Amino acid sequence: MGNFTAVVIDFETTGLSPGYGDRTIEVGAVLVSGNRIVDRFQSLMNPGMRVSGFIEEYTGITNTMLSTAPAIKEVMAQLKSFIGQHHLVAHNASFDSRFLDAEFKRIDHRRTNEFACSMLASRRLYPEAPNHRLETLVHYKKLKTDGVHHRALADAEMTAHLWLNMIADIKATYGVRDVPFKLMQQVTKVPKKGLHDFLLKKATQY
DNA sequence: TGCCAGGCCCTCTTTAGGGCCTT
C-alpha cells in the first residue's frame, strides 16, 4: 500500500495578509508520492515592492535578490502546472491557501485542489510536543533537515517529512493499512478528544 | 494615505477573550 500523492507547498511573503496588499516572494513545493519526495519546484518572485527589514532578516531573502527575480505571475503559471490536480498540504494551510488563492486570482485562475493542514494534524497526533511550530516538530520528531528554516523549499521539504511521519505513526499505532489524503483531512477535523476512537475505527476500514 | 489577518481551540465559554500558528 502507499499510493498517497500530494503536493506540499510553502510560501515566503511580504507579510501576513494578502487582503492588505501582502504578496508572495518565494514558493517551494514538493511532490510526495508513496512515502518519498519525487519532484521539487522552487522560485523567488519579484513582488514589485520593497520588503521590510524584518522579512529580510526573517527569511534571508533580500531586496537585492528579489530585484532580479521573475515576476510573480510568471512563477504562478509554472506553479499551476506543477500542482496540477494534486491534493495540497501546508503547515498552517489557512495561511498558504490564502496567498495561493490571491496570487492565482491575479492570473485569472481559481484553485479547486483540496488542502490539508499539517499543523492541525500535528496538534492532534502529537499533543505532547512542546509546541507545533514546524521547526520544533522537526527536532521533536527527529525529521530529516538541512538546518535551513524560513526558506520556501526547505520548509516544504520539512513539512513533507512531517506529513509522511504522521502517516507512518498512524499506521504503526492504530494498524491502519492505508492512510489516504481524505483520512488525513478527517484527522485535522475530528474533535481532539475523539481522535483515538476515530483512528481505531478506521483500522477496520482501510 | 493608511488602515494592517484569520482560523482553530481552550476555558474561569456560548451575551468572550486570548494564545497559537503562518510571514
Side-chain angles (χ1 to χ4, degrees), chain A residues 6-30 42-66 69 72 75-76 79 83 88-106 111 113-141 143 145 148-163 165-166 184-198:
Chain A
V7 167
V8 184
I9 190 167
D10 183 79
F11 285 113
E12 305 306 316
T13 70
T14 63
L16 292 173
S17 177
Y20 282 87
D22 286 317
R23 303 296 302 274
T24 55
I25 60 173
E26 187 182 39
V27 59
V30 297
Q42 180 276 336
S43 182
L44 291 172
M45 292 170 272
N46 189 334
M49 58 194 273
R50 288 189 64 81
V51 301
S52 67
F54 171 81
I55 293 298
E56 285 190 318
E57 178 72 21
Y58 186 81
T59 64
I61 299 169
T62 65
N63 283 291
T64 300
M65 292 162 67
L66 294 175
I72 295 177
V75 177
M76 284 299 143
L79 179 64
I83 289 174
L88 298 170
V89 173
H91 200 67
N92 196 6
S94 71
F95 176 86
D96 294 283
S97 64
R98 275 197 299 277
F99 275 98
L100 180 63
D101 293 351
E103 298 296 4
F104 270 179
K105 187 175 182 182
R106 289 170 179 267
R111 170 182 63 87
N113 317 56
E114 290 191 45
F115 255 103
C117 178
S118 58
M119 185 192 73
L120 294 180
S122 71
R123 281 178 177 171
R124 287 165 173 75
L125 292 168
Y126 309 134
E128 75 289 354
N131 60 58
H132 298 85
R133 294 163 53 189
L134 180 59
E135 186 170 353
T136 301
L137 291 166
V138 166
H139 290 106
Y140 179 70
K141 299 303 294 184
L143 303 177
T145 174
V148 176
H149 296 284
H150 308 307
R151 286 301 298 268
L153 185 59
D155 283 3
E157 290 188 358
M158 289 186 290
T159 300
H161 290 302
L162 171 62
W163 192 255
N165 197 78
M166 290 192 289
M184 287 301 285
Q185 251 187 344
Q186 289 176 303
V187 165
T188 69
K189 294 174 182 173
V190 70
K192 276 190 175 180
K193 285 183 178 177
L195 180 70
H196 182 71
D197 288 345
F198 172 80

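Note that the coordinates shown come from a computational prediction; the quantities given were computed from them, not determined experimentally. Residue numbers start from 1 in every chain, and the chains themselves are labelled A, B, ... in the order their sequence lines are given, proteins ahead of strands.
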### Task
Would you indicate, yes or no, if B:dC20 has its OP1 or OP2 atom less than 4.0 angstrom from a side-chain nitrogen or oxygen of A:His132?
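A:His132 to B:dC20 OP1/OP2: no side-chain N or O under 4.0 Å.
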
### Query
A:Tyr20 side chain N/O closer than 4.0 Å to the phosphate oxygens (OP1, OP2) of B:dA5?
no

### Query
Under the 3.5 Å rule, do the base of B:dC20 and the side chain of A:Arg123 count as making a donor-acceptor pair?
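Flag set: donor-acceptor pair detected.
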
Please work out if [X] contacts a base, only the sugar-phosphate, or nothing of the nucleic acid, heavy-atom cut-off 4.0 Å.
X        : result
A:Phe54  : base
A:Asp96  : nothing
A:Gly15  : base
A:Arg124 : sugar-phosphate

### Message
Show, in sequence, the C-alpha distance, side-chain angles and deciding distance for A:Glu135 and A:Tyr140, and conclude whether the side-chain hydrogen bond (donor to acceptor under 3.5 Å, both in side chains) test is met.
### Response
CA-CA 9 Å; A:Glu135 186 170 353; A:Tyr140 179 70; over 6 Å; no

Quote, to the nearest angstrom, the [atom1] distance that separates [N] from [M].
N      : M      : atom1 : result
B:dC4  : B:dC9  : P     : 28 Å
B:dA5  : B:dT23 : C1'   : 11 Å
B:dG18 : B:dC12 : P     : 15 Å
B:dT15 : B:dG19 : C1'   : 22 Å
B:dC3  : B:dG7  : P     : 23 Å
B:dT13 : B:dG17 : P     : 13 Å

### Task
Evaluate side chain to side chain contact (heavy atoms under 4.5 Å, CB included) for A:Arg111 paired with A:Ser97, printing each intermediate quantity in order.
CA-CA 9 Å; A:Arg111 170 182 63 87; A:Ser97 64; 4.2 Å; yes

### Message
Measuring only between side-chain heavy atoms, which start at C-beta, is A:Met119 closer than 4.5 Å to A:Leu134?
### Response
no

Between [N] ([atom2]) and [X] ([atom1]): distance, integer Å:
X        : N      : atom1 : atom2 : answer
A:Phe115 : B:dC8  : CZ    : P     : 14 Å
A:Met49  : B:dC4  : CE    : P     : 16 Å
A:Arg133 : B:dG19 : CZ    : P     : 16 Å

### Residue closer to the 5' end of DNA chain B, A:Lys192 versus A:Asp22 (nearest nucleotide)
A:Asp22

### Query
Taking the nucleotide of DNA chain B with the closest heavy atom to each, which residue, A:Ile25 or A:Arg98, is nearer the 5' end?
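Closest to the 5' end, via its nearest nucleotide, is A:Arg98.
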
### Task
Choose from B:dG6, B:dC8, B:dT22 the nucleotide whose nearest atom is closest to any side-chain atom of A:Leu120.
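Closest nucleotide among those given: B:dC8.
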
### Task
From the options B:dG6, B:dC21, B:dT22, select the nucleotide whose nearest atom is closest to the side chain of A:Asn131.
B:dC21

### Query
What orientation do A:Phe95 and A:Phe99 show, parallel under 30°, tilted 30 to 60°, or perpendicular over 60°?
tilted

### Message
Please determine whether side-chain hydrogen bond (donor to acceptor under 3.5 Å, both in side chains) holds for the pair A:His91 and A:Ser118, giving the CA-CA distance in whole Å, both sets of side-chain angles, and the decisive distance to 0.1 Å.
### Response
CA-CA 5 Å; A:His91 200 67; A:Ser118 58; 2.7 Å; yes

